[in-house]
Amino acid sequence: MSIITSLINSCTSAQPSETIGLLETSSNFTLSKGADVSWLTQMEATGYTFYDADGSKKDGLQLLKEMGMNTIRLRVFVNPSNDKTNGHCSPAETVAMAVRAKNMGMRIMIDFHYSDTWADPAHQTKPTAWASHTFEELKNDVFTHTYDVLKALKLAGVTPEWVQVGNEIPNGMLWPEGKIENNQNWNQLATLLNKGYEATKAINSSIKVVVHIDQGNDNGRFRWFFDNIKNNNVKYDVIGMSYYPYWLGYEAGKENLKDYTVTIANLEQNMKDMVSRYNKEVMVVEVGGYYTLVQNTKDMLTDVIKAVKAVPNNKGLGVIYWEPQGEKSWSGYPLNAWQSNGKPSPALNAFKD
């Protein structure tokens with residue numbers, strides 16, 4: 001999330017047959033509809049209670065499944081703090097939640113931030129343990145951390161369908177060594193990304209590696225970034241994008257300053273262009289709408305799903321809502337999709353078939 005830190009005051013080997021949904025072909029393609037729920041464990045630990053429509057207590061993951069979701073995305077930090085919203089998401093916590101989601105029949109995406117806390121376009125701080133490392137050491141850090149987390153998942157019986165190498169990285173990651181500044185340093189960013197790719201494929205070659213930047217409606221931004229990583233021989237499978245219409249042209253105190261209808265056609269066009277230009281799959285790995293604008297958010301989600309489905313040849317893989325269950329009184333985050341009574345927002349009905 002590009003705004004989260006300031007917003008909330010800076011959160012035995014499994015065989016392919018044992019895993020969920022590796023490499024789906026066109027003949028059995030199923031759209032991924034899901035949520036990043038990395039706050040969920042801490043919400044439960046602090047006593048937050050989830051309810052279904054009739055007021056009965058219910059598991060938060062089960063509620064999301066009943067809303068039509070089939071995918072869970074989980075971020076992983078390196079050595080996080082115990083801060084309720086800005087910490088946790090340690091490798092061990094991520095493994096535990098992934099097992100829980102897999103046991104519920106959900107598909108899994110793992111999102112590596114390569115930081116001890118939030119990584120986004122404005123923040124790509126190296127983990128404290130890596131802070132003094134040389135670039136050569138950082139290359140090994142990325143490989144080892146990625147490999148070790150995925151190995152722990154595999155030993156727990158989970159092989160993710162997707163692994164995201166870096167989180168919202170239009171300006172690079174692991175600053176300053178992997179930072180893009182004045183359109184320079186692409187070779188070092190490329191090297192770091194390829195180390196994440198290599199570690200992922202060493203665990204299971206069928207896992208799809210995602211490279212993710214923000215502002216999915218901005219074709220110029222995407223062409224600039226992905227042209228450069230292509231020219232620097234970055235290896236990856238899926239182009240991941242964030243799409244938060246609320247933050248496009250955002251000004252404090254002006255809710256919904258830029259409505260999604262202004263940019264939704266650009267999102268669809270950009271996805272189609274990415275597939276055509278780079279011969280990659282695409283996925284909206286983060287999306288969200290303002291929590292009080294229920295109908296607008298539902299309409300936006302409906303249209304985003306339609307846009308992804310419109311990408312030819314099933315190359316549009318899916319749509320993932322970022323922390324829909326992160327109700328505002330708990331998280332402080334206004335683009336959640338939950339009601340103050342602990343029930344899902346009707347906006348999430350967009351995920352139902």
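Hydrogens, waters and symmetry mates are skipped; everything else that's a heavy atom, side chains included, is used.
- Glu161 has no carboxylate O lying under 4.0 Å from a charged side-chain N of Lys208, or vice versa, which leaves the two without a salt bridge.
- Using a 4.0 Å cut-off between charged nitrogen and carboxylate oxygen, Asp36 and Arg75 count as a salt-bridge pair.
- The shortest side-chain heavy-atom distance between Asp227 and Lys230 does not fall under the 4.5 Å cut-off.
- Expressed to the nearest 0.5 Å, how far OG1 of Thr263 lies from OH of Tyr243 amounts to 2.5 Å.
- Between the side chains of Trp118 and Asn86, at least one donor-acceptor pair of N or O atoms lies under 3.5 Å.
- No side-chain donor from either of Asn232 and Asn187 sits under 3.5 Å from a side-chain acceptor of the other.
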task: Start with the C-alpha distance between Phe50 and Asp59, add both sets of side-chain angles, then the distance that settles side chain to side chain contact (heavy atoms under 4.5 Å, CB included), and finish with yes or no.
output: CA-CA 7 Å; Phe50 298 93; Asp59 179 278; over 6 Å; no

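- The minimum heavy-atom distance between Leu174 and Pro127, with the atom names listed, is CD2-CD, 3.9 Å.
- In terms of heavy-atom proximity, His145 sits nearest to Pro91 at CE1-CG, 4.3 Å.
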- request: Could you walk me through whether Tyr260 and Asp303 pass the side chain to side chain donor-acceptor pair (under 3.5 Å) test, one step at a time?
  value: CA-CA 9 Å; Tyr260 85 92; Asp303 285 352; 2.9 Å; yes

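- Side-chain contact check for Met283 versus Met109: some heavy-atom pair is nearer than 4.5 Å.
- Residue Leu63 is not grouped with residue Tyr51 when hydrophobic side chains (ILVMFWY) are merged at heavy-atom distances under 4.5 angstrom, including chains of intermediate members.
- In this structure, Lys57 contributes its side chain and Thr49 its backbone to no donor-acceptor pair below 3.5 Å.
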query: Stepwise, does the side chain to side chain donor-acceptor pair (under 3.5 Å) test hold for Gln295 with Asp299?
result: CA-CA 6 Å; Gln295 188 61 49; Asp299 293 343; 2.9 Å; yes

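- Ion pair Glu93/Arg100 not flagged as a salt bridge, since none of the NZ, NE, NH1 or NH2 atoms sits closer than 4.0 Å to an Asp/Glu carboxylate oxygen.
- With Gln164 contributing its side chain and Gly166 its backbone, the two residues share a donor-acceptor pair below 3.5 Å.
- Between Ile239 and Val211, every side-chain heavy-atom pair lies at or beyond the 4.5 Å cut-off.
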message: Asn183 vs Asn228, test: side chain to side chain contact (heavy atoms under 4.5 Å, CB included). Steps then yes/no.
response: CA-CA 9 Å; Asn183 209 31; Asn228 275 291; 3.8 Å; yes

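- At a threshold of 4.0 Å, the pair Glu286-Arg73 counts as salt-bridged, since one of the basic side-chain nitrogens sits closer than that to a carboxylate oxygen.
- Taking 4.0 Å as the cut-off between side-chain N and carboxylate O, Asp116 and Lys126 do not count as a salt-bridged pair.
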task: Check the pair Met271, Val284 against side chain to side chain contact (heavy atoms under 4.5 Å, CB included), reporting the backbone distance first and the verdict last.
output: CA-CA 9 Å; Met271 287 190 288; Val284 178; 4.1 Å; yes

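- The pair Glu198-Lys235 counts as a salt bridge, with a side-chain nitrogen and a carboxylate oxygen less than 4.0 angstrom apart.
- Ser205 places no side-chain N or O within donor-acceptor distance of the main-chain N or O of Lys201, the cut-off being under 3.5 Å.
- Lys315 places no side-chain N or O within 3.5 Å of a backbone atom of Val275 that could act as its donor or acceptor partner.
- Remark: the backbone N or O of Ser56 is paired with a side-chain donor or acceptor of Asp54 at under 3.5 angstrom.
- Aromatic ring pairs are classed by plane angle as parallel below 30°, tilted from 30° to 60° and perpendicular above 60°; the pair Tyr114 and Trp130 is tilted.
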message: I'd like to know whether His88 forms a side chain to side chain contact (heavy atoms under 4.5 Å, CB included) with Trp39, so could you lay out the CA-CA distance, the side-chain angles of the two residues, the decisive distance to 0.1 Å, and finally the verdict.
response: CA-CA 8 Å; His88 292 280; Trp39 271 330; over 6 Å; no

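- Within the 3.5 Å criterion, the main-chain N or O of Glu168 finds a donor-acceptor partner in the side chain of Gln124.
- Thr134 contributes a side-chain N or O that, together with a main-chain N or O of Glu137, makes up a donor-acceptor pair within less than 3.5 Å.
- Trp175 and Phe135 fall into different hydrophobic clusters, where Ile, Leu, Val, Met, Phe, Trp and Tyr side chains are chained together by heavy-atom contacts under 4.5 Å.
- Between Trp247 and Trp322, the distance separating the two ring centers is not shorter than 6.0 angstrom.
- Following chains of ILVMFWY side-chain contacts shorter than 4.5 Å, one cannot reach Val287 starting from Val294, and the two form parts of different hydrophobic clusters.
- Under the 4.5 Å side-chain criterion, counting only non-hydrogen atoms from C-beta, Thr71 is in contact with Ile320.
- One N or O on the side chain of Asn270 and one on the backbone of Gly216 form a donor-acceptor pair closer than 3.5 Å.
- Donor-acceptor pairing under 3.5 Å is lacking for the side chains of Trp162 and Asp111.
- Rounding to the nearest 0.5 angstrom, the gap separating the CZ atom in Phe225 from the NE2 atom in His212 is 10.5 Å.
- Within the 4.5 Å cutoff, side-chain heavy atoms of Lys65 are placed close to those of Met104.
- A salt bridge is absent between Asp218 and Arg223; no separation between the charged side-chain nitrogens and carboxylate oxygens falls under 4.0 Å.
- Here the CG-CG distance, from Asn217 to Asn266, works out to 6.0 Å after rounding to the nearest 0.5 Å.
- A cation-pi geometry, defined here as NZ or CZ lying under 6.0 Å from the six-membered ring centre and within 45° of its normal, does not hold between Lys328 and Tyr333.
- With a 4.5 Å cut-off on side-chain heavy atoms, Val319 and Lys33 do not count as touching.
- A pairwise comparison of heavy atoms in Leu61 and Leu40 identifies CG-CD2, 3.7 Å as the closest pair.
- In this structure, the side chains of Gln215 and Ser242 stay at 4.5 Å or more apart for every pair of heavy atoms.
- The aromatic rings of Tyr278 and Phe226 lie tilted to each other, with the angle between the two planes from 30° to 60°.
- The OH atom of Tyr197 sits 5.0 Å away from atom CG of Asp237, with the distance rounded to the nearest 0.5 Å.
- For the pair Asn70 (side chain) and Leu31 (backbone), a donor-acceptor distance under 3.5 Å is present.
- Atom CG in Asn171 sits 9.0 Å away from atom CD in Glu181 (nearest 0.5 Å).
- Of the inter-residue distances, the one linking Thr302 atom OG1 with Asn349 atom CG reads 9.0 Å to the nearest 0.5 angstrom.
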- request: Quick one: do Glu66 and Lys58 satisfy salt bridge (Lys or Arg N to Asp or Glu O under 4.0 Å)? Show the steps, please.
  value: CA-CA 11 Å; Glu66 291 173 3; Lys58 186 165 284 188; 3.1 Å; yes

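- Listed here is the closest heavy atom pair of Pro160 and Leu150: CG-CD2, 4.0 Å.
- With Asn185 contributing its side chain and Glu177 its backbone, the two residues share a donor-acceptor pair below 3.5 Å.
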field: Test side chain to side chain donor-acceptor pair (under 3.5 Å) applied to Gln325 and Glu323, step by step
entry: CA-CA 5 Å; Gln325 88 298 337; Glu323 297 282 9; 2.5 Å; yes

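- When only modelled atom types and interatomic distance are considered, Asn167 and Asp120 share no side-chain donor-acceptor pair under 3.5 Å.
- The ring of Tyr48 has its center no closer than 6.0 angstrom to the ring center of Trp338.
- Counting heavy atoms from C-beta on, the side chains of Val210 and Val165 never come closer than 4.5 Å.
- Contact detail for Ala35 and Met69: the closest heavy-atom pair is CB-SD, 3.6 Å.
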